[in-house]
Protein chains: 2
Amino acid sequence: MARPLGFDPEDARTALMNVFWARGYEATSMQDIEAATGLRKQSLYRYFGDKHAMYLAALRSYEECVVAEAERILGETPGPARARFSALLDWVIRSSSDTGGMRGCFLANASAEASAADPETAEVLAAMSGRMADAFGAALAADTKYRDDADLRRARTRHLLAAYVGLRVLVKGAFDAAAVREAADDLLLSV
Amino acid sequence: MARPLGFDPEDARTALMNVFWARGYEATSMQDIEAATGLRKQSLYRYFGDKHAMYLAALRSYEECVVAEAERILGETPGPARARFSALLDWVIRSSSDTGGMRGCFLANASAEASAADPETAEVLAAMSGRMADAFGAALAADTKYRDDADLRRARTRHLLAAYVGLRVLVKGAFDAAAVREAADDLLLSV
DNA sequence: CGAATTTGTTACCGTTCAGTCCGTAATTAT
DNA sequence: ATAATTACGGACTGAACGGTAACAAATTCG
């Protein structure tokens, strides 16, 4: 009955994801968001609510884009667990160098920035890391060694998830591409 | 020749460390800093310069407190590499539950928050992670297996550092104490 | 004691923050 | 066409930001 939306909400969410991913929550101003989305504040506020809601939308967009892709790679790569994780790490390293800048992992960045006083964000992050953990566990279960030992599988899942997150944090400052590759190769030896 | 400083600079730096560690750089306001240190803005500005310098002082304080303690534990624990890392992880888990809140690792938090546009912070972070890597490598060298194979030692060092950092990020949201313990135990199997 | 110097405190500065109001343009239903 | 409804754009708001200026209290040296 009235004028339709002048922008694609999906595009806006992707732009939000990129800007919050690159700068974090606190360091991103509404000016940055306007520039990233190409929209005016008023349109953003009407559609999303407030800055915090935009951040949650960005996190959900990351979940749909990146976490889903990680799940796909871990699930669809044929062969044993090690091959699956190798494919995952290849993809991480490749997509890191694609974007040039080392943004790390939005999930890891958000976890590190998260204050205890933000239960909504904590919930989204917990759900996301839970999906990652499930995907890791399922990939491990491709090997009989892990399929038959739930305790080992859970422990190894947590170990791998920690190493994965740590890699994506360290790539922002301490590790160059070669160091990441080396750490990833060594990590695969423990799978 | 004049009135002496009315506060202990070391205490002030420790307070700065704690407040930036808990909240990050952007989310910490000068009001927070005044409350944490018990000092007024003017005293802080005169002594440290500006907020950014206070952050660097906080990072250096962390390096002197926490990184130095990690070096000490890795270096002075007797026995093979695994025992040394076990002691390190015990200490991490113990000190995490001591402070109640899960602040994670200041180094990891700062790395995740760091923007590429801050070379000074990047330098401090690189130096700190370098010290951690050196300490990890030295601890590994307690085993002949690692002492005699520099390539393996370097790769394993990076793997362990990534896992260590990842653990301390995930403890902020995704992992509870039991999950950390489990991941740490599994991590030790790869040493 | 008194001059010099530095600390600590209060008030203040311009800027930027997230968020809102309101007039205008665009679209649909009648 | 016209009325109703909605999106858009610019101007605006009060609060909080980081940072500074100016003054009073305290300490040391001559």
Side-chain angles (χ1 to χ4, degrees), chain A residues 1-61 110 113-115 117-121 124, chain B residues 1-59 110 113-115 117-121 124:
Chain A
M1 329 206 157
R3 180 175 171 182
L5 220 56
F7 60 91
D8 180 353
E10 203 60 31
D11 290 348
R13 288 182 0 130
T14 302
L16 287 174
M17 176 187 79
N18 283 319
V19 68
F20 280 121
W21 186 357
R23 308 173 79 96
Y25 179 74
E26 294 287 347
T28 301
S29 71
M30 286 307 301
Q31 285 190 23
D32 296 327
I33 294 174
E34 287 186 305
T37 57
L39 302 172
R40 299 293 158 192
K41 294 204 300 193
Q42 185 65 17
S43 301
L44 292 160
Y45 276 113
R46 187 180 8 251
Y47 191 81
F48 290 102
D50 60 2
K51 185 187 173 186
H52 188 251
M54 294 176 210
Y55 187 62
L56 294 176
L59 282 171
R60 295 211 183 83
S61 179
E113 186 179 8
S115 65
D118 185 355
E120 279 184 306
T121 302
V124 174
Chain B
M1 313 180 186
R3 179 175 171 179
L5 220 57
F7 60 92
D8 180 352
E10 204 60 31
D11 291 347
R13 288 180 2 128
T14 302
L16 287 174
M17 176 187 79
N18 283 319
V19 68
F20 280 121
W21 186 357
R23 309 173 77 95
Y25 179 75
E26 295 286 347
T28 301
S29 72
M30 286 307 302
Q31 284 190 22
D32 297 327
I33 294 174
E34 288 186 306
T37 58
L39 302 172
R40 300 290 157 193
K41 294 205 296 196
Q42 188 65 19
S43 302
L44 292 160
Y45 276 112
R46 188 172 12 240
Y47 191 81
F48 290 103
D50 59 4
K51 185 186 173 185
H52 188 250
M54 295 175 209
Y55 187 63
L56 294 177
L59 283 171
E113 187 178 7
S115 65
D118 185 356
E120 278 184 307
T121 301
V124 174

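Chain A is the first sequence line, chain B the second, and so forth, proteins listed ahead of strands; every chain is numbered from 1.
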In whole angstroms, the gap separating C1' of dA22(D) from OH of Tyr45(B) amounts to 18 Å
Picking from dG19(D), dA7(D), dC17(D), the nucleotide nearest the side-chain atoms of Gln31(B) would be dC17(D)
From NE2 of His52(B) across to P of dC17(D) the rounded distance in Å is 19 Å
Regarding the side chain of Arg40(A), the nearest nucleotide among dG10(D), dG8(C), dG19(D) is dG10(D)
Answer with base, sugar-phosphate or nothing: what part of the nucleic acid does Tyr47(A) contact at a heavy-atom distance below 4.0 Å?
nothing
In whole angstroms, the gap separating P of dA16(D) from CD of Glu26(B) amounts to 18 Å
Nearest-nucleotide check on DNA chain C, Met30(A) vs Gly38(B); residue mapping nearer the 5' end is Gly38(B)
So, is Gln42(A) near the phosphate of dG10(D), with a side-chain N or O under 4.0 Å from OP1 or OP2?
no
Surrounding OH of Tyr45(A) (heavy atoms of other residues, nucleotides or ligands, distance under 6.0 Å), is the total greater than 12? yes
Separation of dG9(D) atom P from Phe7(A) atom CZ, nearest Å, is 11 Å
To the nearest angstrom, the CG-P distance between Leu44(B) and dT9(C) comes to 11 Å
* Taking only the side-chain nitrogens and oxygens of Ser43(B), find out if one of them lies under 4.0 Å from OP1 or OP2 of dT7(C). => no
Would the base of dG19(D) count as contacting Lys41(B) through its side chain, where contact means a donor and an acceptor less than 3.5 Å apart?
yes
**Q.** Beyond-backbone contact of Arg13(B) with Met17(B), side-chain heavy atoms, under 4.5 angstrom
**A.** no
Is it the case that Thr14(A) and Asp11(A) place a side-chain donor and acceptor less than 3.5 Å from each other? no
* Asked: Are Arg46(B) and dT7(C) close enough that a side-chain N or O sits under 4.0 Å from OP1 or OP2?
  -> yes
Closest of dT27(C), dG19(C), dA18(C) to the Asp50(A) side chain is dG19(C)
Residue pair Leu39(A)/Ser29(B) against DNA chain D: nearer the 5' end by closest nucleotide is Leu39(A)
Heavy-atom side-chain contact between Asp118(A) and His52(A) under 4.5 Å = yes
task: May I ask you to decide if the ring planes of Phe20(B) and Tyr25(B) are parallel, tilted or perpendicular, using 30° and 60° as cut-offs?
output: parallel
Between CG of Leu5(A) and C1' of dT5(D) the distance, given in whole Å, is 14 Å
The nucleotide from dA18(C), dT7(C), dG19(D) with an atom nearest the side chain of Lys51(B) is dG19(D)
